[in-house]
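The residues of the chain are indexed from 1 along the displayed sequence.
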Amino acid sequence: MDSVATIPLLELAHARSGDKGNTANVGVIAYEPRDYPLIRDRVTANRVGEHFRGLIEGPVERFELENLHALNFLLHGALDGGGTVSLMTDAQGKVFSTALLRMEIEVPDEVAERVRGRGRVPAAGTGESP
């Protein structure tokens with residue numbers, strides 16, 4: 001069996017979130033198309049539901065957008081009624097993307113080495129973001 005490492009999703013993808021009534025909508029997009037299958041296999045609706053246990057009241061739905069190398073999640077019952085009625089600090093669900101990117105997933109060691117530090121700092125020596 002190949003060696004595996006645990007990394008935050010942040011090193012493989014970026015994300016964006018917002019609200020749709022009482023549902024948070026979170027999109028996760030692979031930085032590189034070659035990492036999409038790994039994200040698709042590891043970031044399941046069940047895993048996302050577990051990651052947000054205690055923060056959402058309903059089910060998690062996942063939609064695959066293979067042509068965009070992305071996943072979209074609907075977190076039902078996440079916003080205490082939604083932006084117009086909720087007293088939550090983040091009633092529009094903007095921080096769910098950041099919270100999801102903190103989820104740790106197992107990847108092969110060679111992937112962990114390749115993506116180390118991505119999503120936090122520019123790539124070494126290039127002056128550009130990865």
Partners meeting side chain to side chain contact (heavy atoms under 4.5 Å, CB included) with [X] (sequence neighbours left out):
X      : value
Ile56  : Phe52, Val60, Leu75, Ala78, Phe96
Ala112 : Ala5, Ile7, Val107
Leu68  : Leu65, Ala70

Met103 CE to His51 NE2 distance, which is reported to the nearest 0.5 Å: 6.5 Å

task: With rounding to the nearest 0.5 Å, note down the distance linking CG in Leu9 to CG in Leu100.
output: 5.5 Å

Pairs involving residues 62-79, ordered by first then second residue, that meet salt bridge (Lys or Arg N to Asp or Glu O under 4.0 Å) (sequence neighbours left out): Arg62-Glu64

- prompt: Which residue pairs pass the salt bridge (Lys or Arg N to Asp or Glu O under 4.0 Å) test with at least one member in residues 101-113, sequence neighbours excluded?
  reply: Glu113-Arg116

Suppose we screen for side chain to side chain donor-acceptor pair (under 3.5 Å). Which residues come up paired with [X], at least two apart in sequence or across chains?
X     : result
Glu50 : Arg53
Arg42 : none
Glu61 : His76
His69 : none

Mind listing the closest non-hydrogen atom pair of [X] and [Y] along with its distance?
X     : Y     : result
Tyr31 : Glu11 : CD1-O, 3.9 Å
Phe73 : Val43 : CZ-O, 3.4 Å
Val26 : Ser97 : CG1-CA, 4.0 Å

Check whether [X] and [Y] end up in the same hydrophobic cluster, where Ile, Leu, Val, Met, Phe, Trp and Tyr are linked by side-chain heavy atoms less than 4.5 Å apart.
X     : Y      : value
Leu38 : Leu71  : yes
Ile39 : Ile29  : no
Leu55 : Leu101 : yes

query: Given the rule in the side-chain contact (heavy atoms from CB on, under 4.5 Å) test, do Leu12 and Val28 qualify, once you have shown the distances and angles that lead to the verdict?
result: CA-CA 10 Å; Leu12 288 175; Val28 176; over 6 Å; no

statement: The salt bridge (charged side-chain N to carboxylate O under 4.0 Å, His left out) partners of Arg40 (sequence neighbours excluded) come to none

- prompt: With Arg114, which residues qualify under salt bridge (charged side-chain N to carboxylate O under 4.0 Å, His left out), at least two apart?
  reply: Glu32, Asp35

